[in-house]
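Everything on this sheet refers to the single structure shown next.
By convention here, the first residue in the shown sequence is residue 1.
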Amino acid sequence: MDDYDAIVIGARCAGSPLAMLLARSGAKVLLLDRATFPSDTVSTHYIHHAGVARLAAWGLLEDVRASGCPPIERVAFHVAGTVLDGLPPEADGVRTGYAPRRTVLDTLLVEAAARSGAEVRQGTSFRAPLYQGDRVAGVTCAAAGREFSARARVVVGADGKHSTLARVVGAEPYADEGVQGCMYYAYWSGLPDEGFRVYTGTGCTVIVIPTNDGRTVVAVGWPREAFGRVKADVEGNYTEALREAVPELYAAMARGARESRIVGDGDLANRYRTSSGPGWALVGDAGHVKDPLCALGITDAFVQAELLGERLIGALGEGPSAIDRATADYAAERDRRTSVSFRTCSALAKGEMPEGLPEAMKEAAGDPDRAAEFFGLQAGLVSFEDFLAGADRR
């Protein structure tokens with residue numbers, strides 16, 4: 001049975017960066033995923049500036065650019081006749097977003113982890129943790145019909161919102177806001193690149209994002225209570241929502257072509273899970289997930305991978321107690337850093353606009369600095385309270 005410093009279950013936007021960072025520090029890392037890459041997954045695609053800054057710091061941004069993914073240098077938010085157009089505040093000197101296909105991004109991340117020295121096993125399913133007393137001390141997995149086991153100082157679940165590790169270790173949810181919406185999208189060709197656009201206030205939310213290969217992601221989100229109706233005729237409801245909500249976009253789509261089937265999700269959870277315990281931790285959607293309306297999932301995964309990696313790098317050689325303190329500290333810091341964006345996404349998904357927000361948005365529409373503050377709200381960098389206080393100061 002092989003021994004590792006860390007085993008990471010899940011090799012997408014949280015797991016691969018974590019494995020890469022740990023391996024770069026000299027740790028012996030095993031990275032597992034049941035998928036083989038390139039592999040697609042349901043996603044909002046967008047990487048906010050804080051996530052792009054991580055890619056730059058890790059030396060991976062040029063790989064994203066080389067894939068042909070267009071830079072997003074404009075964001076527009078349309079609601080009830082008000083249009084805010086601009087960009088969020090800088091994050092570590094970055095003011096450009098990207099929205100790569102997950103077949104592109106996840107493959108780049110897996111390859112970066114392997115280049116950094118992590119042992120990557122694709123097509124490998126996690127079965128169960130190994131225990132030493134009450135402490136997780138390794139994993140049992142299966143690949144190509146054969147089971148194997150491996151030991152580790154820490155096991156990290158980066159295996160998504162339906163995390164198997166979270167379930168088997170009994171990671172309890174908290175601050176659970178439930179499911180607020182559903183979303184479906186497809187890829188289109190022949191649409192103009194006008195940056196990241198959001199249209200809301202018409203009973204649904206439409207999100208338009210340019211991605212690789214001249215394609216554009218066109219997504220429609222509805223409140224949770226509409227899910228049954230939407231699922232019964234996804235294509236009809238998707239088309240009708242676009243026709244009614246954004247007629248100019250609908251007309252442009254008629255001149256273009258749909259290049260994929262319509263895919264989506266009705267399980268858009270909003271919650272935290274206990275994300276550390278004896279010998280284990282959770283990162284990315286496994287530990288914290290929120291409505292995709294703000295498109296923060298990839299950026300959150302990058303930031304959390306870095307937070308956990310920084311803490312584990314110093315603790316792996318110091319024994320079990322140090323590792324458990326490191327994972328507990330990571331979980332507390334994650335909660336602190338995501339509290340504003342969690343409240344914002346939950347409120348927007350539920351349509352709970354704070355009093356004064358529509359008026360503040362109208363006022364911000366004519367002011368580039370105030371528009372940037374609004375987009376900072378969407379990016380989880382600015383709270384509702386701070387945005388509204390900005391209106392009071394003017």
Side-chain angles (χ1 to χ4, degrees), residues 44-57 61 64-65 69-100 192-201 205-211 217 219 246 290-300 302-303 336-349 351-394:
T44 49
H45 299 74
Y46 189 62
I47 308 175
H48 286 270
H49 301 167
V52 176
R54 265 67 184 185
L55 288 173
L61 182 54
V64 173
R65 289 173 174 156
C69 183
I72 296 175
E73 298 175 333
R74 175 188 174 195
V75 181
F77 198 99
H78 302 246
V79 56
T82 298
V83 181
L84 290 95
D85 195 332
L87 282 174
E90 285 189 1
D92 298 321
V94 174
R95 292 201 79 186
T96 302
Y98 289 86
D193 182 349
E194 297 178 338
F196 181 10
R197 289 170 283 160
V198 180
Y199 302 84
T200 191
T205 297
V206 176
I207 299 174
V208 185
I209 316 174
T211 186
V217 182
V246 198
K290 46 183 170 276
D291 194 279
L293 188 62
C294 294
L296 281 163
I298 297 173
T299 302
D300 278 355
F302 288 177
V303 172
R336 187 187 70 79
R337 293 201 187 191
T338 57
S339 62
V340 168
S341 60
F342 182 65
R343 288 190 292 116
T344 300
C345 285
S346 295
L348 290 175
E352 294 179 352
M353 297 289 190
E355 184 177 352
L357 181 62
E359 294 78 12
M361 290 175 64
K362 288 181 181 179
E363 169 260 333
D367 185 329
D369 292 335
R370 289 285 288 138
E373 289 180 13
F374 174 79
F375 291 121
L377 186 155
Q378 183 193 19
L381 304 173
V382 176
S383 68
F384 280 125
E385 293 82 2
D386 287 344
F387 179 67
L388 294 175
D392 294 338
R393 290 194 298 268
R394 291 174 180 254

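- The shortest distance between side-chain heavy atoms of V52 and L61 falls below 4.5 Å.
- In this structure the side chain of F302 reaches within 4.5 angstrom of the side chain of I47, judged on heavy atoms.
- Here the OG1-NE2 distance, from T200 to H78, works out to 11.5 Å after rounding to the nearest 0.5 Å.
- Contact of the R74 side chain with the E194 side chain is registered, since non-hydrogen atoms from C-beta on lie closer than 4.5 Å.
- Aromatic ring orientation, F374 versus F77: perpendicular (interplanar angle above 60°, classes split at 30° and 60°).
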For L357 and F387, run side-chain contact (heavy atoms from CB on, under 4.5 Å): C-alpha distance rounded to whole Å, both residues' side-chain angles, the deciding distance at 0.1 Å, then the answer. CA-CA 8 Å; L357 181 62; F387 179 67; 3.6 Å; yes

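- Of all the heavy atoms in A295 and T44, the pair that sits closest is CA-OG1, 3.6 Å.
- The shortest side-chain heavy-atom distance between T338 and K290 falls under the 4.5 Å cut-off.
- In terms of modelled atom types and a separation under 3.5 Å, the side chain of S346 and the main chain of R343 share no donor-acceptor contact.
- Contact between V75 and P88 at its shortest, heavy atoms only, is CG2-CD, 4.4 Å.
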I would like to know whether V198 and T205 meet side-chain contact (heavy atoms from CB on, under 4.5 Å); could you show each step before the answer? CA-CA 7 Å; V198 180; T205 297; 3.9 Å; yes

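- The line from CD1 of I72 to CG of L87 is 10.0 Å long, rounded to the nearest 0.5 Å.
- Every residue was checked against the side-chain hydrogen bond (donor to acceptor under 3.5 Å, both in side chains) condition with R95, not counting sequence neighbours, and none meets it.
- We find the CG-CE distance between L388 and M361 to be 11.0 Å, quoted to the nearest 0.5 Å.
- Rounded to the nearest 0.5 Å, atoms CD (E359) and OG1 (T82) are 9.5 Å apart.
- Ionic pairing of E373 and R370 is present here: one or more N-O contacts between side-chain nitrogen and carboxylate oxygen are shorter than 4.0 angstrom.
- Contact check on D300 versus R337 returns no salt bridge, with no Lys/Arg side-chain nitrogen under 4.0 Å from an Asp/Glu carboxylate oxygen.
- Across all their heavy atoms, D291 and C345 have their closest contact at O-SG, 4.1 Å.
- The OG1 atom of T299 lies 9.0 Å from the CZ atom of R54; values are rounded to the nearest 0.5 Å.
- Within the 4.5 Å cutoff, side-chain heavy atoms of Y199 are placed close to those of V208.
- Atom CG of residue L377 and atom CZ of residue F384 lie 5.0 Å apart, to the nearest 0.5 angstrom.
- Residue L348 comes nearest to C294 through the heavy atom pair CD1-SG, 3.9 Å, listed as atom of the first residue, atom of the second, then distance.
- For the residue pair A371 and D85, the shortest heavy atom distance occurs at CB-O, 4.2 Å.
- Listed for the T211 side chain is a donor-acceptor partner under 3.5 Å among the backbone atoms of A99.
- What you find for D367 and D369 is that their closest heavy atoms are OD1-N, 3.0 Å.
- The closest side-chain heavy-atom distance from L381 to H48 is not below 4.5 Å.
- Under the rule for a side-chain hydrogen bond (donor to acceptor under 3.5 Å, both in side chains), the partners of Y98 that lie at least two apart in sequence or sit in another chain are R65.
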